2 protein chains.
Amino acid sequence: MATRTPRPELAEARERGFHNIGEASGQTQVSAKMIRHYESIGLIPPAARTFANYRLYSDADLHRLRFIHRARNLGFPIKQIEKLLGLWNDPGRNSAEVRQLARAQIAELDARIREMQAMQRSLEALAHHCHGDERPECPILDDLAGIVA
Amino acid sequence: MATRTPRPELAEARERGFHNIGEASGQTQVSAKMIRHYESIGLIPPAARTFANYRLYSDADLHRLRFIHRARNLGFPIKQIEKLLGLWNDPGRNSAEVRQLARAQIAELDARIREMQAMQRSLEALAHHCHGDERPECPILDDLAGIVA
DNA sequence: CTTGACCTTGCCATCATGGGAAGCCCGAAG
DNA sequence: CTTCGGGCTTCCCATGATGGCAAGGTCAAG
């Protein structure tokens with residue numbers, strides 16, 4: 001019989017298509033640190049473990065991590081990604097719900113962009129009026145100091 | 001003799017033009033919480049105190065807080081505000097230095113805006129191709145799942 | 001004196017991420 | 001078999017700016 005002690009168990013798991021956290025990280029662009037974090041907050045289910053307590057990831061797990069990574073790159077916060085994952089795994093979903101999430105994210109980005117653009121306009125006006133030489137007079141500081149002038 | 005016990009000392013200080021933290025907050029738009037925080041990180045010097053340990057702010061202190069508030073509204077992070085305050089208090093400053101800080105902040109905003117705009121463009125392209133009806137097919141999820149199609 | 005509003009400090013939470021320490025594990029080389 | 005580098009584990013801390021809450025002291029008005 002081939003029932004051996006559970007020593008070379010990681011290698012065995014790898015032969016069966018599993019990946020340790022380092023591999024998972026390398027193949028999904030998600031840092032090992034963040035993979036553990038996502039597990040701790042319940043965004044991904046607890047990973048399988050070897051006898052030595054190493055995390056094991058299946059190809060499906062990697063798929064999920066890549067999904068998360070792409071969603072993060074689109075600026076989705078974790079809470080929204082949870083919903084997206086739920087819809088992804090729901091065969092009876094309505095695409096309307098997904099699009100709604102995307103639209104909400106677009107609006108969110110829009111709000112933040114507008115805010116920053118307003119800051120930019122103010123700064124540019126101020127910088128424009130500042131000589132920017134060796135003299136101390138500076139409309140930028142005057143404005144910050146509240147000298148409406 | 002008028003040397004009384006230090007009881008009605010806050011009222012006295014107020015008569016001399018000082019403000020407690022609530023007033024300071026109301027007059028500068030900076031929350032009491034943040035005023036204490038700014039003190040704890042050294043952005044503003046430790047406030048004077050009454051015998052009862054209440055913080056006291058002079059008009060100059062309020063001026064400083066308003067300066068900070070305006071700089072925050074322009075998106076400056078605390079570290080940059082420290083520098084701005086230093087320049088503000090330096091009669092021998094070069095306005096070039098101030099303008100340089102403003103330009104750096106503009107560039108910083110620009111980078112963040114561009115990043116978000118890129119996200120927006122991707123999201124809009126995806127949302128555009130999604131039917132958004134009761135059917136489950138969804139190019140948004142397909143993209144997140146890595147289906148390059 | 002009581003009461004309500006305000007002040008104090010301190011700790012926790014956010015959001016997503018990185019850094020580091022202490023200790024165990026694996027695989028390869030000697 | 002021993003050793004050694006690198007990878008894994010958990011746990012704690014830090015970021016940046018802000019809010020919230022709790023326990024306790026203080027002030028001012030009634």
Side-chain angles (χ1 to χ4, degrees), chain A residues 5-15 18-44 46-57 65 68-69 71-82 105 108 112 115 119, chain B residues 4-15 18-26 28-44 46-57 65 68-69 71-82 105 108 112 115 119:
Chain A
T5 52
R7 268 301 166 64
E9 195 237 349
L10 177 55
E12 214 170 325
R14 259 194 276 215
E15 276 167 36
F18 285 93
H19 313 269
N20 61 16
I21 202 169
E23 278 183 21
S25 171
Q27 292 194 25
T28 63
Q29 311 272 76
V30 181
S31 71
K33 205 86 186 184
M34 289 312 298
I35 295 175
R36 295 191 195 99
H37 178 62
Y38 291 153
E39 180 181 322
S40 81
I41 63 175
L43 184 64
I44 57 177
R49 301 283 187 134
T50 67
F51 288 114
N53 211 29
Y54 278 31
R55 286 177 179 79
L56 288 178
Y57 297 93
L65 285 170
I68 293 169
H69 182 245
R72 287 291 303 132
N73 279 347
L74 291 173
F76 282 106
I78 301 293
K79 290 230 165 161
Q80 305 301 302
I81 296 178
E82 265 175 46
Q105 175 62 13
E108 176 66 33
R112 282 196 258 151
E115 201 181 348
M119 292 175 181
Chain B
R4 20 181 173 49
T5 49
R7 268 303 167 61
E9 196 238 350
L10 176 56
E12 213 171 325
R14 258 193 275 215
E15 276 167 36
F18 285 94
H19 314 269
N20 62 14
I21 201 168
E23 278 183 20
S25 171
T28 63
Q29 311 272 77
V30 181
S31 71
K33 202 85 186 186
M34 290 312 298
I35 296 176
R36 294 191 196 100
H37 178 63
Y38 291 153
E39 180 180 320
S40 82
I41 63 175
L43 184 63
I44 57 177
R49 302 284 187 133
T50 67
F51 287 114
N53 211 29
Y54 279 29
R55 286 177 180 79
L56 288 178
Y57 296 93
L65 285 169
I68 293 170
H69 183 246
R72 288 289 305 134
N73 279 347
L74 291 174
F76 282 104
I78 303 293
K79 291 228 166 163
Q80 305 301 300
I81 296 179
E82 266 175 47
Q105 174 61 13
E108 176 67 32
R112 282 197 258 151
E115 201 181 349
M119 293 175 180

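To find a chain, count down the sequence lines: A is the first, B the second, and so on, and within it residues start at 1. Quick caveat, the model's predicted, so the values are computed rather than measured.
- In this structure, CD1 on I81(A) lies 9.0 Å from CG on L74(A), to the nearest 0.5 angstrom.
- When the side-chain nitrogen and oxygen atoms of R49(B) are compared with OP1 and OP2 of dC7(C), none of them lie within a distance under 4.0 Å.
- Here dC15(C) presents its C1' atom at 13 Å from CG of L43(A), a figure rounded to the nearest Å.
- Along DNA chain D, the nucleotide nearest R36(A) and the nucleotide nearest K79(B) are compared for position; the residue whose nucleotide lies closer to the 5' end is R36(A).
- Note: CG (N53(A)) to P (dC24(C)) measures 13 Å, nearest angstrom.
- In this structure, CG of N73(A) is placed 14 Å from P of dA16(C), rounded to the nearest angstrom.
- Protein atom CG of L56(A) is 9 Å distant from nucleotide atom P of dT9(D), rounded to whole Å.
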Does I78(B) form a side-chain contact (heavy atoms from CB on, under 4.5 Å) with R72(B)? I'd like the steps, not just the answer. CA-CA 8 Å; I78(B) 303 293; R72(B) 288 289 305 134; 4.2 Å; yes
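- Within residues 25-35 of chain A, the residues approaching DNA chain D are K33(A), by heavy-atom distance under 4.0 Å.
- The phosphate of dT9(D) has OP1 or OP2 within less than 4.0 Å of a side-chain N or O from R55(A).
- Legend: residues meeting salt bridge (Lys or Arg N to Asp or Glu O under 4.0 Å) with R112(B), ordered by chain and number and at least two apart, are E108(B).
- Per the geometry, OH belonging to Y57(B) stands 10 Å off P belonging to dC7(C), to the nearest Å.
- Minimum heavy-atom separation, V30(B) to L65(B): CG2-O, 3.7 Å.
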Determine all donor-acceptor pairs shorter than 3.5 Å in which one atom belongs to a side chain in residues 31-38 of chain B; sequence neighbours excluded.
from   : atom 1 : to     : atom 2 : distance (Å)
S31(B) : OG     : M34(B) : N      : 3.1

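- Per the geometry, NE2 belonging to H37(A) stands 16 Å off P belonging to dT9(D), to the nearest Å.
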Below 3.5 Å between N/O atoms, which protein atoms pair up with nucleotides 2-7 of chain D? Just atom names and distances, please.
from   : atom 1 : to     : atom 2 : distance (Å)
dG7(D) : N2     : Y54(A) : OH     : 2.8

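- Closest heavy-atom contact between P77(A) and Q105(A): CD-OE1, 3.8 Å.
- What separates CD of E115(A) from C1' of dA17(D) is a distance of 13 Å, to the nearest Å.
- Under the 4.5 Å side-chain criterion, counting only non-hydrogen atoms from C-beta, N73(A) is not in contact with M119(B).
- OP1 or OP2 of dA17(D) has not a single side-chain nitrogen or oxygen of Y38(B) nearer than 4.0 Å.
- Across the protein-nucleic acid pair, L65(A) atom CG and dA16(C) atom C1' stand 15 Å apart, rounded to whole Å.
- Under a cut-off of 6.0 angstrom, the local environment of CD in Q27(A) is crowded, with over 12 non-hydrogen atoms contributed by other residues, nucleotides or ligands.
- Helix bend of the helix from dC1(C)-dG30(D) to dG30(C)-dC1(D): the angle between its two end axes, each built from five pairs, comes to 30° after rounding to 10°.
- Shown here are the salt bridge (Lys or Arg N to Asp or Glu O under 4.0 Å) partners of E39(A), two or more places apart in sequence or in another chain: R49(A), R55(A).
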